[in-house]
Structure formats: structure tokens, C-alpha cells
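Only one structure is covered here, and it is reproduced in the block below.
To find a chain, count down the sequence lines: A is the first, B the second, and so on, and within it residues start at 1. FYI, side chains are in, hydrogens and waters are out, and symmetry mates aren't considered; it's all heavy atoms of this structure.
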Protein chains: 2
Amino acid sequence: MTDQNGASVEQIVEKVWLSIAERRLRPGVQLKEEQMAAIFNVSRARIRQALATLQRDGLVMIIPNRGAFVSKPSVDEARDVFFVRRTVERCVVERLCKGISKADAKRLREHVAKERIANMEDITTDIIKLSGGFHLLLAETAGSDFLFATMRDLIARSSLITAVYRNTNRFNCGPDEHAEIVESIVGNNVDKATRLMAHHLEHVESELDLTELRDLSHDLRAALA
Amino acid sequence: MTDQNGASVEQIVEKVWLSIAERRLRPGVQLKEEQMAAIFNVSRARIRQALATLQRDGLVMIIPNRGAFVSKPSVDEARDVFFVRRTVERCVVERLCKGISKADAKRLREHVAKERIANMEDITTDIIKLSGGFHLLLAETAGSDFLFATMRDLIARSSLITAVYRNTNRFNCGPDEHAEIVESIVGNNVDKATRLMAHHLEHVESELDLTELRDLSHDLRAALA
DNA sequence: TCATTCCATATTGTTGACAATTCTGCAATC
DNA sequence: GATTGCAGAATTGTCAACAATATGGAATGA
């Protein structure tokens, strides 16, 4: 999947991120350095950088002297992520409603249009990238670097959570609800925009199967209880 | 300052963090790898890890092929950090007010007591650690891992901002306002607690000299204007 | 005197090899 | 039959040497 020349750290991170979101890398799988170094045709040092980044994003867990494993977010962690998203995204929306330039409005609408196309043509990779990308674009447009960085973290973790706990085959976070939110923001309708965003997040979370004690069949505690 | 044996990555990060907060490392200073490797008696590889962590915390800026430099947060970035803190810490306080165990209440009060002692005895290092630590402890007690991680970032950046833009000699973020906040939380008084926290943050921010074009004497633009 | 080019130096980036640790399979023992 | 102990293999952690790049200053010319 990579060229003869080595991939950059960002490319490696992106590739792993997508593989996790597409469920091709399951939680608990070990990401062995040498193996990855061979796949991406780079030295282990660069793989280590990528793994450190992925750890910071919460996608992999690094255990000293053991290695890096794809994270298995608990139900509590999943709920926590959505809890924080409710607060942060509300903050983003409120900020955006204070006034948005025509150029920014255009960008948002164009993004939603791209989502529509990806959904119609059913390109999984694009759908995953774009549906998270919408929330990121919102944060970026809000003009707070820190909020943007925080949303980056939240989206990365949300992708993993969706990959693990997704119930339906259909991807949530579709373009229709996004479009409504954009229009409310452009129309400076704070109340409606925050309400729609809250509803949207609720909708996304509700499509997950966040029940306790899920597939812990191999867990010691479950066996002992 | 380190033992004959090499320091761990965490120790290095902690040391640099404190040096920045204590203004012993000024913004713009380059952190040369070899130099630091000698100081901490470790190889450059470990220094690189520490620098990567510090970059993630926003304390240093890494320019490819140039090196790592102590960050110089702009006024906009400073305001941004406090803007996000207002939202996040309000969220923390609201969560805490929903109910707090006696053990947690005791921990919070003990922390404030420690701050008092450090302030009386005027131990700069402890004051810096503890005053940020209070807000961290609050986030930790709130029981959201993500909120805690976010506050970690915010506190690290706030320390740098305070070090750069602090006006008075006295450290802000004193124990008195902290104590009031704790008591309001323990008393389940949401309105008062959020109000006090907002006021506290306002107070901290107001003691900074967030004026544009500060100490750019060595900056090219200032010299040419 | 000032701007430009070039080279020596210093610093970061990368690689491969070696050390330390952990995992796995097998045999011995209770 | 289940458990423990032990060697071999596999994997991560660390390091030092080498390559690539940027910096600073001297030499050159206008």
C-alpha cells in the first residue's frame, strides 16, 4: 500500500487510523514494530514515532516492554467521550453562531455536498473521513486552535468507539443532519443550532450498542463471576 | 540536578516544565538535544521522546531540521486557552456539584491546605505545582478521563502563558479563592460554584499583561516598523 | 560599506546493531 | 493431569555512529 520510498509519520498514522475505523484492525491486536517497519518500508524509529502519536490520540495503548496494541475503549470511556463532545461541540456551535463569514459558510456547505456524494456512491473510506471531518471543520472554522485540537482527539476516539460498538451496518453521522446544523449556524439561530447538534450527537450515540459486559468472554473476571 | 543514572522521560519532561514555569527557561530558547542528553545523562533518543511530549503539551515548538524551542504563545493563543478553560472548568464544576463523596471532599480540602502552607513559606516550586494541581485535582475528581486529560493540556499551557505574560511578582491562583470554590462544590451550590470559578479564572487572566506587541524588541518586524 | 557566495561547523535525522525484557513451547515434577 | 521451571525465540528498549541539513562567518566583489 506504500511506495518504494518510506512513508512519513503522518501517512503511517493516517493509514492505521483508517484501518481501525474500517474495522480491519480489531481492538487488542498488537502492532509489532518490525512488522510495521517492513510494511511501510521505514525504520523502526519512525514506526515508534507513529505509535506514540497514535497513543496520544487514544487509538493504541502502549505497554512498556510489551508493545503497542489497538485500544479497546470501555463502555465508560465511550460514554465519557460523548459526554465531553456534548459540551465541546455546543461551545463550537455557540461560537460559530456569533457570526460566520460567507467564505466559511461556503466551505461548510461544500463539505456537506461532498458527504452526500460519498454516501450516494457508498465509498466507505470517504464516508468515514468526511463524517468525522465535518465536526472537525466546524471546530476549525470556530477559530479556536485549542478547541480544534480537542475535537481532533475526540473524533479519533469516536471513530474507534464507533468501530467497536457500532450496531447497524449503515454509517451514522449522515449528511442530512449536518446540513440542517450548517443552515442554522449560517442563519445565526443559536438555539436551533445547539438543539440540532445535541440531537445529532444523541442520535449518533444511540446507534451504538453501549451495553456493559460486551464480548468479555475471554476476560478472567467474567469467567470468575 | 540528575543522578548518575539516566533520568526517565517523565522526569525530563517534569524538569523542563518546571524550569519554564519558573521562568528559568525563556521562550525562544533552543533546547539542543546533545546538550540536554549531557545534562540528564541519557542518550539523545530519550531526549527526543521528552521533546515530543513537550511539543504535544504545547510547551515547546519543534521545527524540522532546526530543533526544539520553548514556545512563545501569542496573545491570541493565550486568550484562546482561557476561553476554553472557562468552558471546560465550568463543565467540571457542574459535574462535581452533582454529588461528591466525603473522601473526595477531604482530598480537595487537604490540597487547599497544602497550598496555604506553600504560600506562607513561599516555596515557589510548590506554589506553581500546587496552584495548577488544584484545577487538575478538580478535573480528576469529576471522574471524566477525557476532561482530565484536557485540563492537563490547558494547565500546561496556562503555566507557560503565566510565565510569559505575568505582570505582578505575586503568583495568582491563590488558595483563598480555591477554598471558596471547594466549599461551594461540597455544599452542592451549583450556581455559586460556577460563578466563583468564572470569577476566579477572570481574576487569573486579568493579572496578565495581555497586550499586543509585547517585548518584540528582538523581533524583525518591530525593528523595521 | 554593504550585499553575496561559499565553506567550516554545529545540529538534527536516520539507520543498524546490541542489550534487556517478555513470551512460548516443552519437559520435569508433584 | 495440572503446574512449575527452564531454555530458545521473539520483541521492545537503548545506544552510538553516520548522513543530511541548517547556521554563522569569512572572503569576495560591487
Worksheet item: Any side chain to side chain donor-acceptor pair (under 3.5 Å) pairs touching residues 49-60 of chain B, not counting sequence neighbours?
Response: none
Discussion item. Please report the distance, rounded to the nearest Å, between CE in A:M36 and P in D:dA10.
Written reply: 20 Å
Fill in: Salt-bridge criterion met for B:E110 and B:K114 (N-O under 4.0 Å)
no
Worksheet item: Considering the terminal five base pairs at each end of the helix from C:dT1-D:dA30 to C:dC30-D:dG1, what angle separates the two local helix axes, rounded to 10°?
Response: 10°
Discussion item. Can you tell whether the side chains of B:R107 and B:D104 come within less than 4.0 Å, N to carboxylate O?
Written reply: yes
Practice prompt. Ignoring backbone atoms, test whether B:Q30 places a side-chain nitrogen or oxygen under 4.0 Å from the OP1 or OP2 oxygen of D:dT23.
Written response: no
Response to the item:
Taken in chain and number order and not counting sequence neighbours, the residues that satisfy salt bridge (Lys or Arg N to Asp or Glu O under 4.0 Å) with B:E10 are none
Discussion item. Test of understanding: with salt bridge (Lys or Arg N to Asp or Glu O under 4.0 Å), list the residues that count as partners of B:D145, not counting sequence neighbours.
Written reply: none
Discussion item. Filter on salt bridge (charged side-chain N to carboxylate O under 4.0 Å, His left out), then keep only pairs touching residues 132-144 of chain B, sequence neighbours left out; what's left?
Written reply: none
Discussion item. Apply side-chain contact (heavy atoms from CB on, under 4.5 Å) to residues A:M151 and A:E89 and explain how you reach the verdict.
Written reply: CA-CA 8 Å; A:M151 275 305 298; A:E89 301 222 45; 3.4 Å; yes
Worksheet item: In residues 57-66 of chain B, what residues come within less than 4.0 Å of DNA chain C, judged by heavy atoms?
Response: B:P64, B:N65, B:R66
Worksheet item: Near DNA chain C, under 4.0 Å by heavy atom, which residues of residues 45-53 of chain A?
Response: A:A45, A:R46
Worksheet item: Any side-chain heavy-atom pair from B:F148 and B:V92 closer than 4.5 angstrom?
Response: no
Fill in: Start and end of chain A contact along DNA chain C [non-hydrogen atoms, under 4.0 Å]
C:dT14 to C:dC23
Practice prompt. Could you tell me which residues satisfy ring pair (Phe, Tyr, Trp, His ring centres under 6.0 Å) with B:F83, sequence neighbours excluded, listed by chain and number?
Written response: none
Worksheet item: Under the side chain to side chain contact (heavy atoms under 4.5 Å, CB included) test, which residues partner B:F82, sequence neighbours left out?
Response: B:R85, B:R86, B:I161, B:V204, B:E205, B:L208
Worksheet item: What salt bridge (charged side-chain N to carboxylate O under 4.0 Å, His left out) pairs are there with at least one residue in residues 154-164 of chain B, not counting sequence neighbours?
Response: B:D153-B:R157
Worksheet item: Taking all non-hydrogen atoms of both residues, which atom of B:A163 and which atom of B:A21 are closest, and how far apart?
Response: CB-O, 3.9 Å
Please output the side-chain donor-acceptor pairs of residues 26-38 of chain A that fall under 3.5 Å, not counting sequence neighbours, one pair per line with the distance.
| unit_1 | atom_1 | unit_2 | atom_2 | d |
| --- | --- | --- | --- | --- |
| A:Q30 | NE2 | A:R66 | O | 3.0 |
| A:E33 | OE1 | A:R44 | NE | 3.0 |
| A:E33 | OE1 | A:R44 | NH2 | 3.0 |
| A:E33 | OE2 | A:R48 | NE | 3.4 |

